[in-house]
Amino acid sequence: SRTAVQIDDFDVSEARVEMVQASKTGSGRTIKAEDMELAPVDNLGDVIALQAGVSISGGELHFRGGRSNEVVYTIDGMSVSDAVDGGSALTVDMDAVEYTDVKTGGFTAEYGNAQSGIINITTKSGGRDYHGKFELITDHAVTDVNSSNSDQLKFNIGGPVFTPWISSLRDKFTFFANVAGSWTDGRFKDYFYSDPVAEIEGLVEPENFTYSNPNEARDDFFGFDLGNRNYNDYNANVKLKYQINAAQKLTIAVRGDRSKYKSFAYGWKYALEHYNAGETFQHQIAGTYDHTFNPQMNLKIKASYYSKQITQGPDGISRDQFFIKTMTNDEFITNDDYLHADNQSNNIIGVDYLTSE
C-alpha cells in the first residue's frame, strides 16, 4: 500500500557553469603542484608534454607543431629563454614549482616574442610555518644489475625569516630554498672503460701504454660513487618574499643550474679521454615589486639578470691545442695562425684535434 513519508526541509541552490569565459582570450592550462606530484613522470618538461597541443622530441618541447626555439620560457614572469637560439630554459626542480602556466595560443599583451607557446613557471614561497623535504632516489640500492648507476638527491625547506625579538615578521618575511642533484653513468657505463689489447685481435701492447679509466677519480661511499659521473646535473633556488601589506609585496630570487656530461660513441671507444664533453652553467637574479590597487588595476615592477654559458669540445684539450689541416700544402697550422691567415677558410677539409705533443 502507498503511504506518505514526511521528510525534513531542504534548500535548492542553483549552480551555473560558465561554458565560455568572455574575458579569456588565450588557450592553455594551469598545472598546480599537487597535479605535478600525481603525474607519472619525474621532471617538469615531461609534465608539460602531457598537455594538449604539446609534444616532446629529443628532450625539446614543441607547441602545436612549432619549433623548439619558438617557445618562450619565463620564471616568475621573467624571461630565461636562450638569447642565442631560444632554446630550453633554466632548470627548476619540480619541488620548487607552485604552478605552471602552459599557454598554447592567443597570448595577452603581457607576453611577447612567442611564436608557438609560452611556459611561465611560478616558484614556491615560504609560509608562517617551517616545512621541508628530503628525497633520495637510486637504481642500485639492492643490485646494480642492468642499472645506470643513477642517483638523485633533493632537499628543500621553507618558512618564516624571523628572530625571537622580531616575531612580528613571521607572517610577512618568508623564504623557500631547494637544491637538487642528479648523477648517472647511463646505459653505456660498462663501455667507458676498455682494454684495446685484449679486445682487438693481433694488437700488441705498445711500450708505456696507459689505459684510460674514467672512474679513477671516484671514491666509494657505502656503495655510492663520490665525484663526477658521465652525466651530472645540479640546480638550486632561493626565494625571499616580504609582504609589505595586503596590497604590496616584494620578492627577490636567486637560482641557477649546472650540467656536466661526457659522451660515448663506439667509434671513439678507445679514445674517450679526448671525446666530446660539455658543460652548461646558468643563473638568474630577479626582483619583483607588486602593488594591487583594485581587482582591475595593479602595478608590477620587475628586474632580472640572466646568464648562460656553454662549453663543448674534445675532453682534456684546450682551444690553444687545436690544429687545422689545409688542402694546399697538407701542413698543420695552429688555431691562432689560422685566425690571422688570409683566404684560408676555403681550403679547410677537416679539423684534427691533437695534443701539443
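FYI, the numbering just counts along the sequence from 1. When reading the values below, keep in mind they use all heavy atoms of this one structure, side chains included, and skip hydrogens, waters and symmetry mates. Treat the numbers as computed from the prediction; the structure is a model and nothing was measured.
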Quick check: do [X] and [Y] have side-chain heavy atoms less than 4.5 Å from each other?
X	Y	result
Arg29	Asp35	yes
Leu203	Pro196	yes
Asn149	Arg229	yes
Leu61	Ile119	yes
Asn120	Thr100	no
Ser116	His62	no
Asn178	Phe176	yes
Met36	Leu44	yes

Does [X] have more than 12 heavy atoms from other residues, nucleotides or ligands lying within 6.0 Å of its [atom1]?
X	atom1	result
Lys269	NZ	yes
Lys300	NZ	no
Tyr191	OH	no
Asp129	CG	yes
Tyr270	OH	yes

Please check this pair: side chain of [X] against backbone of [Y], looking for a donor-acceptor N/O pair closer than 3.5 Å.
X	Y	value
Asp139	Ser150	yes
Thr174	Pro160	no
Glu60	Ile56	no
Ser147	His140	no

[X]: which residues meet the side chain to side chain donor-acceptor pair (under 3.5 Å) condition with it, sequence neighbours left out?
X	value
Asn156	none
His131	none
Asp101	Thr30
Arg187	none

Partners passing ring pair (Phe, Tyr, Trp, His ring centres under 6.0 Å) against [X] (at least two apart in sequence or in another chain):
X	value
Phe281	His283
Tyr193	none
Phe155	none

Check side chain to side chain contact (heavy atoms under 4.5 Å, CB included) between [X] and all other residues, then give those that pass, not counting sequence neighbours.
X	answer
Tyr231	Thr184, Tyr261
Ile252	none
Phe221	Leu226

- Item | Ion pair Asp95/Lys124, N-O distance below 4.0 Å |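 Salt bridge between Asp95 and Lys124, a charged N being under 4.0 Å from a carboxylate O: no.
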- Item | Residues Lys32 and Glu98 bridged, charged N to O under 4.0 Å |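 Between Glu98 and Lys32 there is no salt bridge, as every charged N stays at least 4.0 Å from the carboxylate O atoms.
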- Query: Of all heavy-atom pairs between Met94 and Asn43, which one has the smallest distance, and what is that distance?
  - Reply: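 Nearest pair, atom of Met94 first, then Asn43: SD-C, 3.7 Å.
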- Asp315 and His274: which non-hydrogen atoms are nearest, and at how many Å?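 That would be O-ND1, 3.0 Å.
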- Query: Run the ring pair (Phe, Tyr, Trp, His ring centres under 6.0 Å) check on Phe264 and Phe192 step by step: do they pass?
  - Reply: CA-CA 7 Å; Phe264 175 84; Phe192 272 81; 5.5 Å; yes
- Query: Glu279 and salt bridge (charged side-chain N to carboxylate O under 4.0 Å, His left out): which partner among Arg258, Lys262, Lys308?
  - Reply: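 Passing option: Arg258.
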- salt bridge (Lys or Arg N to Asp or Glu O under 4.0 Å) involving Asp233 - partner list, sequence neighbours excluded: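 Testing Asp233 for salt bridge (Lys or Arg N to Asp or Glu O under 4.0 Å), a comparison that skips the adjacent residues, returns none.
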- With sequence neighbours left out, write down each residue that passes salt bridge (Lys or Arg N to Asp or Glu O under 4.0 Å) with Arg218, or none if nothing qualifies.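 Salt bridge (Lys or Arg N to Asp or Glu O under 4.0 Å) check on Arg218 returns Asp185, Asp225.
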- Item | Donor-acceptor pair between Thr91 and Asp257 side chains, under 3.5 angstrom |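 Per modelled atom types, Thr91 and Asp257 side chains form a pair under 3.5 Å.
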- Report yes or no: do Asp76 and Thr123 form a side-chain donor-acceptor pair below 3.5 Å?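 The criterion, which ignores hydrogens and geometry beyond distance, is satisfied for Thr123 and Asp76.
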- Same cluster or not: are Met78 and Tyr306 linked, directly or through other Ile, Leu, Val, Met, Phe, Trp or Tyr residues, by side-chain heavy atoms under 4.5 angstrom apart?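 Not linked; separate clusters.
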